[in-house]
Number of protein chains: 2
Amino acid sequence: MDDISNTEITAGIINSTTSTRVLDALTQLREDIISGVLEPGEKLRVQHLKSKYGVGAATLREALSLLVSESLVTATAQRGFNVAPISLQDLKDISETRIMLEVQAAVDSVQNGDEDWEVQLIGAYHRLTKVEENSTNLAENSTAIWEQRNIEFHEALVAACSSRWVRQFRSILHTHSERYRRLSLQTVGISRDVHEEHKQIFDAAMARDADTLSKVLTKHIEKTFDIVHKLVDDAK
Amino acid sequence: MDDISNTEITAGIINSTTSTRVLDALTQLREDIISGVLEPGEKLRVQHLKSKYGVGAATLREALSLLVSESLVTATAQRGFNVAPISLQDLKDISETRIMLEVQAAVDSVQNGDEDWEVQLIGAYHRLTKVEENSTNLAENSTAIWEQRNIEFHEALVAACSSRWVRQFRSILHTHSERYRRLSLQTVGISRDVHEEHKQIFDAAMARDADTLSKVLTKHIEKTFDIVHKLVDDAK
DNA sequence: AAAATTAAAAATATCGACATTTTTATATTG
DNA sequence: CAATATAAAAATGTCGATATTTTTAATTTT
């Protein structure tokens, strides 16, 4: 089973090289769900969507079924598929669970990470810094780049965590966090503070300072919740 | 979205009432994977399996895609589906991660559980006890019943945990634990000790004694790992 | 005989069509 | 006119057939 040069789907994670119609649809659907083009709770009509994504019914259904893996889509017998709903309570749950898993994973990484992990983390941090430094004039397309690099940075941070399962669950929750962030902050740019937070996380990780890392990482995750929470309250 | 009387699939969990071919195939496939009829790592040929399960290719593919949700099946582009592989390391990972999540969930339950939670737990414990008491003469069909009631007991224990995500992840890991147990202990019956363990868990939960609960539950989960570990070593 | 090429077989991925079920709109009844 | 029953529309779930890709087997070449 050599997956190095091939597209493997483990609950939520895709390493794309080869492409299929299912994977294409899956990728587009995921992006549309996370970005809010497909609204939370919305019914996903196969008949309608298959023309939109240019695939047959069976292919679309397969893509939707795979998205159930990531809890981005729900399936109900005889009643089709829906975009996963959202709620403030759900975001709270996600944030808290994510803190538990991500802190554990990061600490584990710091304790087990070898030189290669360090190198990868430095690279990811560097690429992230590059887009965050010019955060004032953040154009639309660079937002997409920031999102990608932010994911990669967090992924690199926990890459040396010895538990495949913790990494997998963490990754799913991170995707959901991102969805909430994007649904809430669509118009808001990336504030300068975020870079400072990432710096603190990076520094603590490189210093192998587990305690500090726990603290700053926890705060970092809590902040997403706080911001969305505040926005929801303000909207009332 | 009223799912009370309908079959909802959230990553890994199914509440069946209505049935579809996809759900039927899914249920059978899951059982065959957990029981070892379909061996770890085995290639799942759609052409071959569709006659075995009496469904069309698209339907089978959809069922397999849904099983990716539970990490019981892996999908690789252009190379089809495989049964999730197993390893001792994976079981170790599962056990450790499960301890983290299940202990947290149980403690949370104990702190938040209302009267209804207690009633449900008592019921589940009672049903489990009934099959465990006659564990000496455990026929094949009562093993299946025990397995079902064991799942229900553990589910009832954490039912009052406020985090949907923790419950979901815990459930997936529990299924995988069960798979390892069944793959390893196919001929071995359920030992008497297990009932004593379940009793301790139940008593601690009812007494709302979080500390004791943590301890006995941790031990309970560790034991599955130890037994399988020992079996693997002996096989050498 | 090992490596590389080619040919045949098998398997995956995909679509279009259709039966069944659910939903919506309309009509009927107390 | 509210509640219920009925009819029409829409959507889901399903299968069989087929193009494409991968795998296996046979053949050729160095």
Side-chain angles (χ1 to χ4, degrees), chain A residues 1-10 14-30 38-39 41-69 73-84, chain B residues 1-10 14-30 38-39 41-69 73-84:
Chain A
M1 216 109 328
D2 185 6
D3 295 312
I4 293 164
S5 65
N6 246 294
T7 305
E8 159 114 7
I9 307 166
T10 321
I14 288 166
N15 254 321
S16 104
T17 304
T18 315
S19 177
T20 63
R21 310 300 281 279
V22 171
L23 265 327
D24 289 350
L26 172 67
T27 305
Q28 282 183 66
L29 279 163
R30 188 198 286 114
L38 296 168
E39 290 175 26
E42 182 178 340
K43 196 158 193 353
L44 295 165
R45 291 184 188 75
V46 174
Q47 291 291 345
H48 183 240
L49 291 177
K50 66 179 209 168
S51 50
K52 192 152 190 172
Y53 293 91
V55 294
T59 303
L60 187 69
R61 286 182 132 273
E62 195 174 322
L64 289 171
S65 296
L66 286 169
L67 280 170
V68 173
S69 310
V73 165
T74 64
T76 313
Q78 232 77 41
R79 222 150 282 174
F81 300 92
N82 285 80
V83 177
Chain B
M1 219 117 317
D2 185 5
D3 296 309
I4 293 164
S5 64
N6 247 294
T7 306
E8 158 114 8
I9 306 164
T10 321
I14 288 166
N15 255 321
S16 102
T17 304
T18 315
S19 177
T20 62
R21 310 300 281 280
V22 171
L23 265 327
D24 289 349
L26 171 66
T27 306
Q28 283 183 65
L29 280 163
R30 187 198 287 115
L38 296 169
E39 289 173 29
E42 181 179 342
K43 197 158 189 354
L44 295 166
R45 290 182 188 77
V46 174
Q47 292 289 345
H48 183 241
L49 291 178
K50 66 179 209 169
S51 49
K52 194 155 190 171
Y53 293 91
V55 294
T59 302
L60 187 70
R61 286 179 70 84
E62 195 175 320
L64 290 170
S65 296
L66 285 169
L67 280 168
V68 174
S69 309
V73 166
T74 62
T76 314
Q78 231 77 42
R79 222 151 281 175
F81 300 92
N82 284 80
V83 178

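Numbers restart at 1 for each chain; the letters A, B, ... are given by sequence-line order, proteins then strands.
Side-chain contact, B/Thr76 with B/Asn82: no donor N or O sits under 3.5 Å from an acceptor N or O.
For the pair B/Arg79 CZ and C/dT14 P, the computed distance is 15 Å after rounding to whole Å. Distance CG (A/Leu64) to P (C/dT14): 14 Å, rounded to an integer number of Å.
Listed by chain and number, the residues in a side-chain contact (heavy atoms from CB on, under 4.5 Å) with A/Glu39 are A/Glu42 (sequence neighbours excluded). For B/Ala58, the side-chain contact (heavy atoms from CB on, under 4.5 Å) criterion is met by A/Ala58, not counting sequence neighbours.
When all heavy atoms are compared, the tightest approach of A/Val22 to A/Ala63 is O-CB, 3.8 Å. Annotation for B/Val68 and B/Ala75: closest pair CG2-CB, 4.3 Å, computed over non-hydrogen atoms.
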Given the rule in the side chain to side chain contact (heavy atoms under 4.5 Å, CB included) test, do A/Leu44 and A/Leu60 qualify, once you have shown the distances and angles that lead to the verdict? CA-CA 10 Å; A/Leu44 295 165; A/Leu60 187 69; over 6 Å; no
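Here the side chain of B/Arg45 pairs no donor or acceptor atom with the backbone of B/Gly80 at under 3.5 angstrom.
Applying a 4.0 Å cut-off to non-hydrogen atoms, the residues of residues 42-52 of chain B that approach DNA chain C are B/Lys43, B/Leu44, B/Arg45, B/Val46, B/Gln47, listed by residue number. Contact check of residues 54-62 of chain B against DNA chain D (heavy atom, cut-off under 4.0 Å) returns B/Gly54, B/Val55, B/Gly56, B/Ala58, B/Thr59.
Listed by first and then second residue, the side chain to side chain donor-acceptor pair (under 3.5 Å) pairs involving residues 49-66 of chain B are A/Arg61-B/Glu62, A/Glu62-B/Arg61, B/Asp32-B/Tyr53 (not counting sequence neighbours).
Contact annotation: B/Arg21 reaches the phosphate of D/dC15 (side-chain N/O to OP1 or OP2, under 4.0 Å).
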